[in-house]
2 protein chains.
Amino acid sequence: MKLSTRGHYGLKAMYDLALNYNNNPVPLKSIARRQNLSNNYLEQLVAMLRKNGLVRGVRGAQGGYVLTKDPADITVGEIIRTLEGPIAPINCVSEVRTNTCQQCNYCIIHILWAQVRDSIAEVLDSTTLADMCHDTGKIQDITGTIQEV
Amino acid sequence: MKLSTRGHYGLKAMYDLALNYNNNPVPLKSIARRQNLSNNYLEQLVAMLRKNGLVRGVRGAQGGYVLTKDPADITVGEIIRTLEGPIAPINCVSEVRTNTCQQCNYCIIHILWAQVRDSIAEVLDSTTLADMCHDTGKIQDITGTIQEV
DNA sequence: TATAAAACCTAGTATTTCAGTCGGAATTAG
DNA sequence: CTAATTCCGACTGAAATACTAGGTTTTATA
């Protein structure tokens with residue numbers, strides 16, 4: 001019942017970009033340094049996000065990445081689905097129907113996994129990057145320290 | 001964001017045993033046949049459940065497995081944790097603290113994963129095998145068919 | 001008492017996924 | 001021109017997954 005690091009690292013990067021929204025493009029190198037991630041690996045993850053239209057790359061010197069939308073319009077769910085695929089505790093209870101399991105509709109076990117799926121989606125889809133940035137401010141107010149992630 | 005087949009198959013087996021609670025011990029071979037699972041593989045999963053005290057093996061001819069507790073006292077959460085380990089979308093947000101991530105308490109991303117973890121646990125811990133058997137009856141009433149799982 | 005059914009145990013294995021590394025080509029600000 | 005940066009594709013070691021295989025005990029029953 002684990003997320004891979006893809007979703008986790010990718011969310012870190014998107015969160016970092018959200019904190020820098022409205023500033024200059026942010027180069028991956030600086031994200032990798034701040035978030036303590038492998039530059040090359042992060043590159044692959046961001047490529048997925050780019051192909052899915054969540055970020056835009058600015059090439060050349062002083063380039064980097066920027067969000068294509070306002071942080072308030074990007075949910076964590078979008079990010080995770082991009083990097084990890086549809087939310088599905090097991091294959092035949094995927095958000096995207098892939099196989100044809102005859103029993104799914106009337107099988108109590110499948111109904112249970114569907115509940116799990118929906119409760120995960122509920123959390124992820126109801127949180128935006130803007131929410132996270134906002135809450136970060138609150139945490140900083142309490143602790144008086146700057147966050148690393 | 002996937003469960004392995006261990007949890008899924010193991011739950012199927014436990015559900016099968018719950019439907020046969022108060023009857024004779026159920027041999028794995030018959031469970032494997034009904035649920036369409038590999039006998040040898042299932043054996044390994046059931047061994048984990050046995051070592052965790054959820055089932056008891058009865059050796060010899062006419063032997064099999066029985067639940068050690070009433071189905072109403074066995075939650076799906078217990079079964080899944082036995083087979084898949086603690087519920088933890090990522091390592092530093094495990095139900096069981098394994099590493100020492102300094103930032104966890106005041107990091108917004110970790111707080112999010114903790115919410116995901118808790119929403120999963122809520123679903124799994126609030127469902128017992130007896131609930132599932134009961135609901136199966138309802139489904140059968142509606143469809144008029146016997147369930148395979 | 002012999003037999004067959006079953007739990008119990010250990011080892012091996014093919015495949016896939018994960019989490020990267022590496023090296024280079026294209027683009028562009030200064 | 002140069003350095004910074006995105007972009008691209010191939011490769012890789014390690015781990016996990018989902019089994020298979022083949023044995024040894026144990027025990028109800030004929």
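These numbers come from the heavy atoms of this one structure, side chains and all, not from hydrogens, waters or symmetry mates. To find a chain, count down the sequence lines: A is the first, B the second, and so on, and within it residues start at 1.
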For Leu54(B), does its backbone N or O pair with a side-chain atom of Asn52(B) as donor and acceptor, under 3.5 Å?
no
Using modelled atom types only, decide if a donor and an acceptor are shared between the side chain of Gln44(B) and the backbone of Tyr41(B) within a distance under 3.5 Å.
no
Would you indicate which nucleotide in dA28(D), dG20(C), dT6(D) comes nearest to any side-chain atom of Gln62(B)?
dA28(D)
In whole angstroms, how far is the [atom2] atom of [N] from the [atom1] atom of [X]?
X	N	atom1	atom2	value
Arg56(B)	dC8(C)	CZ	C1'	15 Å
Leu45(B)	dT20(D)	CG	C1'	14 Å
His8(B)	dT17(D)	NE2	C1'	16 Å
Lys29(A)	dT6(D)	NZ	C1'	12 Å
Lys51(B)	dT10(C)	NZ	C1'	10 Å
Leu17(A)	dT6(D)	CG	P	10 Å
Leu83(A)	dA19(C)	CG	C1'	14 Å

With rounding to the nearest 0.5 Å, note down the distance linking NZ in Lys2(A) to OG in Ser94(B).
6.0 Å
Please round to the nearest 0.5 Å and tell me the distance separating atom CG of Leu28(B) and atom CD of Gln35(B).
11.5 Å
Protein N or O to nucleotides 22-26 of chain D N or O, pairs below 3.5 Å:
unit_1: dT25(D); atom_1: O2; unit_2: Arg59(B); atom_2: NH2; d: 3.0
unit_1: dT26(D); atom_1: O2; unit_2: Gly60(B); atom_2: N; d: 3.4

For a quick check, tell me whether the side chain of Gln44(B) and the base of dT20(D) share a donor-acceptor pair closer than 3.5 Å.
yes
May I ask you to verify if any side-chain N or O of [X] is less than 4.0 angstrom from the OP1 or OP2 atom of [N]?
X	N	value
Tyr65(A)	dC7(D)	yes
Arg50(A)	dT6(D)	no
Thr5(A)	dA19(C)	yes
Ser38(B)	dT20(D)	yes

Asn23(A) atom CG, over 12 foreign heavy atoms within 6.0 Å:
yes
Under 4.0 Å, heavy atoms only, any strand: does Val46(A) hit a base, just the sugar-phosphate, or nothing?
nothing
